[in-house]
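Computed over heavy atoms, backbone and side chain alike; hydrogens, waters and symmetry mates excluded. Numbering of residues begins at 1 and proceeds along the displayed sequence. Whatever order the structure lists ligands and atoms in, that order sets their numbers, starting from 1. Since we're looking at a predicted model, the values are computed, not measured.
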Amino acid sequence: MKVLSILTAAALLALPLSAEPKGSDTKGKFYFKKQCKTCHEKGAAALTPLSRTQAQWRKFFDAGKHKGEAMAPKLATPEQLLDIKTFLINHASDSPQPETCGG
Ligand code: HEC
């Protein structure tokens, strides 16, 4: 019985991971600091991965809009945005590794 519940837990944990975006987490952190933190550093506009849940970040990037305008190429290249998306989703508030120090 115990083995079964461990297997079930493992399967449940593995599920969301398989759906993660395939960009680079490390590069995403770098680009997030470089491309986003310039405006989202302090006050009401401050953003860290923790500012949103995984679903909320996914929705934001899937929409591809920022302040009603296309994100690429204005904010970053599509490749950089994929890395930023990966970083933010991997460390979102409800992720297995939440991270406050996105920059
Ligand atoms: C030139 C300054 C600037 C840069 C660079 C910038 N933002 Fe923003 N961002 C803003 C402002 C201003 C708002 C608030 C606008 C509003 O609410 O209409 C905003 C709003 C947002 C929001 C909340 C609105 C929503 O649709 O949920 C998110 C999330 C966001 N930005 C993410 C990012 C990310 C990720 C990057 C880097 C790829 C980035 N921003 C780069 C200025 C910037």
- Taken in chain and number order and not counting sequence neighbours, the residues that satisfy side chain to side chain donor-acceptor pair (under 3.5 Å) with Asn90 are Asp25

- Message: Please determine whether residues Phe32 and Phe61 belong to a single hydrophobic cluster, defined as Ile, Leu, Val, Met, Phe, Trp and Tyr linked transitively by side-chain heavy-atom distances below 4.5 Å.
- Response: yes

- Message: Below 4.0 Å, non-hydrogen atoms only: which portion of Tyr31 touches ligand 1? Side chain, backbone, both or neither.
- Response: neither

- Note on the structure: Counting only protein N, O or S atoms and ignoring waters, those under 2.8 Å from atom 8 (Fe) of ligand 1 are His40 NE2, His66 NE2

- Message: Checking the side chain of Lys37 only, and the main-chain atoms of Leu47 only, is there a donor and an acceptor separated by less than 3.5 Å?
- Response: yes

- Nearest protein heavy atom with distance in Å, relative to atom 5 (C) of ligand 1: Gln35 O, 3.2 Å

- Per-atom contact, atom 27 (O) of ligand 1, protein heavy atoms, under 4.0 angstrom: yes

- Query: Any non-hydrogen atom of Gln80 lying under 4.0 Å from ligand 1?
  - Reply: no

Run the side-chain donor-acceptor check on residues 62-76: report pairs under 3.5 Å with partners two or more places apart or on a different chain.
{"residue": "Asp62", "atom": "OD1", "partner": "Lys85", "partner atom": "NZ", "Å": "3.0"}
{"residue": "Glu69", "atom": "OE1", "partner": "Lys74", "partner atom": "NZ", "Å": "2.8"}

- Message: Checking Thr26 now: which residues fulfil side-chain contact (heavy atoms from CB on, under 4.5 Å) with it, not counting sequence neighbours?
- Response: Ser24

- Message: Grouping I, L, V, M, F, W and Y whenever their side-chain heavy atoms are under 4.5 Å apart, do Leu88 and Leu81 come out in a common cluster?
- Response: yes

- Message: How far is atom 24 (C) of ligand 1 from the closest protein heavy atom, and which atom is that?
- Response: Arg52 NH2, 4.4 Å

- Item | Least distance between heavy atoms, Thr38 atom then Lys34 atom | CG2-O, 3.7 Å

- Message: Using a 3.5 Å distance criterion without hydrogens, assess whether the side chain of Gln54 forms a donor-acceptor pair with backbone atoms of Ile89.
- Response: yes

